[in-house]
Structures are given as C-alpha cells and as structure tokens.
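These values consider heavy atoms only, across backbone and side chains, with no hydrogens, waters or symmetry-generated copies. Within every chain, numbering begins at 1; the chains are lettered A, B, ... in the order of the sequence lines, protein sequences first and strands thereafter. Bear in mind that the values here come from a model prediction, so they are computed numbers and not experimental data.
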Amino acid sequence: MSVLLYNTMSRQLEPFQPIKESDVGLYTCGPTVYNYAHIGNLRTYLFEDLLKRTLLISGFKVNHVMNITDVGHLTGDGDDGEDKLEKMASKTNRTVWEIASYYTEAFFKDYDELNMIRPTTVCKATDHIEQMIALIKRLEERGHTYISGGNVYFSIDSIDDYGKLARLDLQALRTAVRDDVEVDGNKKNSKDFVLWFTKSKHGEQAMMWDSPWGRGFPGWHIECSAMSMHYLGESFDIHCGGIDAIPVHHTNEIAQSEAATGKPWVKYWLHGEFLLDETGKMSKSKGEFLTLGLLESKGFDPMDYRYFCLGGHYRSQLKFSFESLETARTARRNVYDRIQNLLNQGAKKIALQRSEALAYQSAFLEHVQNDLNTPRSLADLWGVLKDEGLSIDEKYTLCLYFDQVFGLRFDTITKAEEQTFPPEAMALLQQRIEAKKVKDWALADSLRSELDAMGYVVKDTPSGSSLEKKM
RNA sequence: GGUGCCAUACCCAAGCGGUAAGGGAAAGGUCUGCAAAACCUUGAUGCAUCGGUUCGAAUCCGAUUGGCACCUCCA
C-alpha cells in the first residue's frame, strides 16, 4: 500500500512517488520569529510532523528542511506593510537579533513539548543572504526582473504559468482589497513582487546587507526558494505550509524558483487548514492570544493538544474551544489508563504473528497512509484497546506501533509503582481504613473529602484502599 | 466584486456510490456501606433544505439557505 497524498497542485489524491527512490526531500515553511507561535500555527507544524512520521513508518528516509524567518523584511510584496521584528524590537527595547533568537528558542520549546521530530536541517534566513542574492542574479540574467524605485522586482509577465498552484484568474483579481494595503506604484503589474529592497519607505532597517543592487534586504519570498534549493536541490518532493500560503507566498516561490532553473521545482504541495476560534480564524492581533504556554498554565498537557489535533483531518478547519480540548484530555487520559493497565498486567512488546493483530496493524497503516486520516486511525487505536480477542502483549505492541505516527508518548507510560505520599496523607488514609473497619461511615467520608481537598483520590478496591494523585 | 471550502447525533469528528467509525458528554447496569474509579450496555431509519441521476446517494448533479476562508499581516 502506497502513501496517498492530496496535492494542492492537482487538487487530487496522488500516490506518493519520490523523485529519488526512498529518499524524500521535505521542505516546510517555518516560523517568522517575531512573537510566540499560537496554537493555530502549531497545528500546521503538527500536521507536517504527522506527514513525516507517516513517511517514516512507510519505510522512507526523510530529509526535512525548515526555515526560520529571522530577517527583518517587510511583510508585503510591495513597499508596504511593516517590519514585525523591528516593531517588536522597538516595543520591547531589544535588538532585532535578540528578538529573533528569543522567539526561535520559544518556538523549539513548543516543538519539543509537542513531541515533534526535529527537522534534519533548520536554516535561518539571515545565514543565507548570499544564496538569495545568487538566485536573484540568476533571475536577472534570465530577464525576469526589473528595477523600479530602487527595488528589484520579479515580473510575473515574464513567465506564462504564474498562479498555477492557486489557479488564479489574474484578470478577476483585485489588488489592495484590504483597507490597510496600499497600491505600489512602482510595479509594472500589480502582482509583481519585490526580490530585493534598497529603498524602503521605512528607511534604514537594522538588518541590511550589501548586494549588487545596493545595500538593502531581501523580499518576502526569496528565502524559501533559495534555501530549499540549497539544501534539497533544484527539484524536490514535498513542500508544506498553511493554506494561506497558496495564493501569494507559494505562488511567488514557484514563479521565481522555476523561472530561475527552468525546471519543475516541487512535486507535491501539501497545505494544512486553519484552526478556528470562536471568532473565526485565529489571529495574533485580535482576541485571546492562544499559546501552548497558556494551555499549560490552564493545566493541560501538550499531549492533550496533540490528541485534539489528531481528532480532526488536517485539510479540514478545526474549531478550537476549551471544551473540546477538555474532551481530548479526557480521551487521552483514558488511553493512557488503559495502556497502564496493560502494563500492570505485565504486557510487553512482542513480534506480532496472529492475523487478528496484524489486521489491526494493516488497517491502521491504510488509514494513516490515506492522506493522513488520523481521526480514523484513532478509532483503530480504540478498537485495539477494546478488543478482547487480542492478548495484552498484542495490544501493547500495537499501541506502540501506532504511536510511531501519533507521537503521543505511549512509550513513556510506566507501570503503576508504589507511589509515595506525604506521611500526613498516609495517616489520613490509615485512619479511614480503621473507620471503615468499624463501619464509622461518617468519619470515613469526611476523611475522604479531606484527602480530596489535599489533592488525593481514594480508591476502594476489593483488595483494599489506596491513594492516587488527582490529575 | 471574484475564488475556494464546508454543513453528519447534545458537543467534537470520520466516511467520498452499496445501506452511518471513533471520542467526549448523558442515561442505565455491575461493583460499593455510599461514592469515586473501573468495567459493561444504550445512542442518528438519519447525514442543512428542495429537486434530479441511479437498482441503490451522507456520498454524484442542480438550486436554495447558513457558516468559514482567500484575493499583498498571520499556519
């Protein structure tokens, strides 16, 4: 069974066939490090992690490259927008370099806490200005650029398939629809975009580099083209990002990359849908700024969020609410409890042989390889946990196998050991056992609620009473 | 103005032509002194509405209604 992936370029499910036999080149758009990532950003990285894990379990080797956008470029294609790094730097009285390194670190903290497998290569835009300049030079030599108002622009009329990814109807598109966007009069075609700025209306930037066109800084899109080709070659397998990147960012990346090389650039384009909050699209500038840290401060485990995302398909919008997150937490804890019960009964990892067990394994693979249908494969997990026809070893083994894709840290679950509790708690428990013995239910109940207030749950089982820390 | 996506039980959410996965919540049960925990059971004759195609449609087509996103800030 091959891996089926939905390719935005063809708008179809396609069997995945890497350019080089089993060695996959994967490029994922990384963060702009001017602020914390919100959980909507994180959802996209989780989808990419899932894709990578699915490729790995399917036997591919994955060479994963992710960029860090740390260059203080303007956010628009014209000479408009604002420089987010500069803005945050002046707001907090730090340098742009400090801002970039601070938020890069914060990003990878989230990345690790969510148990995402780190990219093979993480590349910073500011370390690759040279490659960007070289790429712009190539475009210039091939006649795809012009200089206007001091900036170097890419001319979309110099190629004949601009907008093929987004299937843009160039005639029908409006420019500067949004109020806060200004029309850039320097452009020959309103869809042209800047490759290199030397004259910005914002004047001097903290980050500037010398170039053949003068001292300045790169445009918005050039870094991904330059770095992906530098690390993965001029044609590679998969490029991912959020769905919002299709009409502008990825469209422009394709235009400049293929214009420079004359070759097809990326074989498969995959895009993650948005996470929505009550107001619609999640945003850093309006409403509550939801970060992983905020979720944790409210008592959630990063794995709760990971489980929550697994519950929806990556190509569907997913509605976030704390109620839904609590649902995910409960479900995840139930899974953990069941797995721990298996361990308590002595479950161990074995080689699967029986067809009943192998059937679950292949069903799981089929679902996950079918364009990452994690909601369906989560149902497979529950099927395994509830199937009395499987041995505990088979169940445990299957759970660990599934977790290669889920990444829910099932391997960290351990047998319930004799937990140690503070002596005062143990004393209360002992008193309650005595009270129960003499059928003093009133005292027993009050001791139970006292322990509850201390954060301990009393569990009465046929074999006696014990304590458990409240989760 | 243009383009695209979506509408499935109380909530979240799979399914993509062959007779509705899963989770959470809820209810009932077993257990218990009572609880909690655990375990078991139950759940849409129905997939926004109205037409159409088909032996057969949640799945295809058309219309309507509602929601969301994109068209130079955000994944």
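The phosphate of B:G24 has neither OP1 nor OP2 within less than 4.0 Å of any side-chain N or O from A:R332. At least one side-chain nitrogen or oxygen of A:S316 sits closer than 4.0 Å to the OP1 or OP2 atom of B:A14. The side chain of A:K439 contributes no N or O atom lying less than 4.0 Å from OP1 or OP2 of B:G33. The side chain of A:N341 contributes no N or O atom lying less than 4.0 Å from OP1 or OP2 of B:A38. Taking 4.0 angstrom as the limit, A:N334 places a side-chain polar atom (N or O) nearer than this to OP1 or OP2 of B:G24.
Side-chain contact of A:N67 with A:Y27: a donor-acceptor pair under 3.5 Å is present, judged by distance alone. Counting only N and O atoms by type, the side chains of A:S377 and A:H367 include no donor and acceptor under 3.5 Å apart. A donor-acceptor contact closer than 3.5 angstrom links the side chains of A:S465 and A:D460. For A:N41 and A:Y36, the side-chain atoms include no donor-acceptor pair closer than 3.5 Å. Donor-acceptor pairing under 3.5 Å is lacking for the side chains of A:Y45 and A:D110.
Scanning for ring-ring contact (aromatic ring centres under 6.0 Å, His included) contacts around A:Y162 gives an empty result, with sequence neighbours left out.
Remark: A:R43 is not positioned above the aromatic ring of A:F47, lacking an NZ or CZ atom under 6.0 angstrom from the ring centre and at most 45 degrees off the axis.
As judged by a 4.0 angstrom heavy-atom cut-off over every strand, A:W382 is placed among residues touching the sugar-phosphate backbone only. A:G40 comes within 4.0 angstrom of a base, heavy atoms only. As judged by a 4.0 angstrom heavy-atom cut-off over every strand, A:R338 is placed among residues touching the sugar-phosphate backbone only. Residue A:H313 is classed as a sugar-phosphate contact, given heavy-atom separations below 4.0 Å to backbone atoms only.
Going from atom NZ of A:K386 over to atom P of B:U42 covers 11 Å, rounded to whole Å. Going from atom CG of A:L381 over to atom P of B:A21 covers 18 Å, rounded to whole Å. Computed from coordinates, the A:D380 CG to B:A21 C1' distance equals 9 Å when rounded to whole Å.
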What does the 5'-to-3' dot-bracket notation of RNA chain B look like when only Watson-Crick and G-U wobble pairs under 3.5 Å count, and pairs to other strands show as |? ((((((((.[[[..)..(...]]].(((((.......))))).....[[[[[..)....]]]]])))))))....
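Once rounded to the nearest 0.5 Å, the distance linking NE2 of A:H221 with CD of A:E253 reads 8.0 Å.
Residues A:G241 and A:Y314 each lie close to RNA chain B; by heavy-atom proximity, the contact nearer the 5' end of the strand is made by A:Y314. Of the residues near RNA chain B, A:Y307 and A:T44, the one whose nearest nucleotide (by heavy atom distance) lies more toward the 5' end is A:Y307.
Note on ring orientation: taking the six-membered ring where Trp is involved, the planes of A:W269 and A:H250 are tilted (angle from 30° to 60°).
Closest contact between the side chain of A:D244 and the listed nucleotides B:A14, B:A13, B:C74 involves B:C74. Set against B:C70, B:C74, B:G33, the side chain of A:F274 has B:C70 as its closest nucleotide. Considering only side-chain atoms of A:A331, the nucleotide from B:G23, B:A69, B:A13 that sits closest is B:G23.
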Taking only N/O atoms, report every protein-nucleotides 34-37 of chain B pair under 3.5 Å with atom names and distance.
residue: B:C34; atom: O2; partner: A:R448; partner atom: NH2; Å: 3.1
residue: B:C34; atom: N3; partner: A:R448; partner atom: NH1; Å: 3.1
residue: B:C34; atom: N3; partner: A:R448; partner atom: NH2; Å: 3.3
residue: B:C34; atom: N4; partner: A:R448; partner atom: NH1; Å: 3.4
residue: B:C34; atom: N4; partner: A:D460; partner atom: OD2; Å: 3.4
residue: B:A35; atom: N6; partner: A:D460; partner atom: OD2; Å: 3.0
residue: B:A35; atom: N1; partner: A:R448; partner atom: NH1; Å: 3.4
residue: B:A35; atom: N3; partner: A:R448; partner atom: NH1; Å: 2.7
residue: B:A36; atom: N1; partner: A:D460; partner atom: O; Å: 3.1
residue: B:A37; atom: O2'; partner: A:K459; partner atom: NZ; Å: 2.9

